[in-house]
Amino acid sequence: MLDVIRVFTQDGSQQADGQFVHPKHEQYVRESLPLAVDTVNGLAQGSVQVGRLLHRGEIETGLQDFVVIVDRLHNFLNFVVLAQIYLHDRDRKTSEALNRYRLTLLGVIGTVESFLEDSDFDQLGVHLACSLSTALLDYRSVSEAVSSGVNASVAA
């Protein structure tokens, strides 16, 4: 599981400047867009539930549930990166906001990695329930701009 978390934090500071979006990636962004807010809501709720399990000492169950969250989080981060690249030349302000969101989220995930390395499941639980869930929900602050930016390019 730690290897999956490390995938998120590698090259996390790179900006998506001038990269080409393949038509399949554009399709992925368009299809994922209506689900993004529901996805972050579900991920935040799931991270709170896992955090509570870990904090109560239900380590095995909590880690099993966390694997599911990590997979969904990976997919969501793919969406964020592809949306950021897609919007780079179309709506630079929103692309930059998505990049800031992504970097904040990666910072929180980096702390998850350190708690896993130390096997500090109590602090991991607190971090998941408080920090990760809050960071995930911050997507809602840019979601309308992302929707507008992606949908505006369809109309053009």
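These values consider heavy atoms only, across backbone and side chains, with no hydrogens, waters or symmetry-generated copies.
- Counting heavy atoms from C-beta outward, N75 and Y28 have side chains that approach closer than 4.5 Å.
- Not a single donor-acceptor pair under 3.5 Å links the side chain of R140 to the backbone N or O of V37.
- With S133 contributing its side chain and C130 its backbone, the two residues share a donor-acceptor pair below 3.5 Å.
- A 6.0 Å sphere centred on CD of E144 holds no more than 12 heavy atoms belonging to other residues, nucleotides or ligands.
- Atom NE2 of H55 sits about 8.5 Å away from atom CD of Q123, to the nearest 0.5 Å.
- Residues N99 and R102 bring a donor and an acceptor atom of their side chains to less than 3.5 Å of each other.
- Scanning both residues, H127 and V108, for their nearest heavy atoms gives NE2-O, 3.0 Å.
- What you find for V112 and L124 is that their closest heavy atoms are CG1-CD1, 3.7 Å.
- Interatomic distance, H25 NE2 to R30 CZ, rounded to the nearest 0.5 Å: 14.5 Å.
- With S95 contributing its side chain and D91 its backbone, the two residues share no donor-acceptor pair below 3.5 Å.
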Verdict with supporting geometry, V29 and I85, side chain to side chain contact (heavy atoms under 4.5 Å, CB included): CA-CA 10 Å; V29 168; I85 294 168; over 6 Å; no
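- Hydrophobic clustering keeps V126 apart from F115 (ILVMFWY residues linked when any side-chain heavy atoms are closer than 4.5 Å, directly or through intermediates).
- Two residues are said to be in side-chain contact when any heavy atoms from C-beta on lie closer than 4.5 Å; V80 and L105 fail this criterion.
- Within the 4.5 Å cutoff, side-chain heavy atoms of D122 are placed close to those of D120.
- How far CG of L73 is from CG of L77: 4.5 Å, rounded to the nearest 0.5 Å.
- Checked against side-chain contact (heavy atoms from CB on, under 4.5 Å), D138 has the following partners two or more places apart in sequence or in another chain: Y101.
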Considering only distance and modelled atom types, tabulate donor-acceptor pairs under 3.5 Å from the side chains of residues 43-53, sequence neighbours left out.
{"residue": "S47", "atom": "OG", "partner": "L43", "partner atom": "O", "Å": "3.4"}
{"residue": "S47", "atom": "OG", "partner": "A44", "partner atom": "O", "Å": "2.9"}
{"residue": "S47", "atom": "OG", "partner": "L128", "partner atom": "O", "Å": "3.3"}

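- With rounding to the nearest 0.5 angstrom, the CD atom of Q64 is 11.5 Å from the CD atom of E58.
- Put simply, L98 and L137 are part of two different groups of oily side chains (I, L, V, M, F, W, Y) that touch within less than 4.5 Å, one to the next.
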For S143 and V146, what are the C-alpha separation, side-chain angles and deciding distance, and is it a side chain to side chain contact (heavy atoms under 4.5 Å, CB included)? CA-CA 5 Å; S143 66; V146 172; 5.6 Å; no
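- Nearest heavy atoms, V40 versus Y139: CG1-CB, 3.9 Å.
- Residues T94 and V150 have side chains not in contact (no heavy-atom distance under 4.5 Å, counting atoms from C-beta outward).
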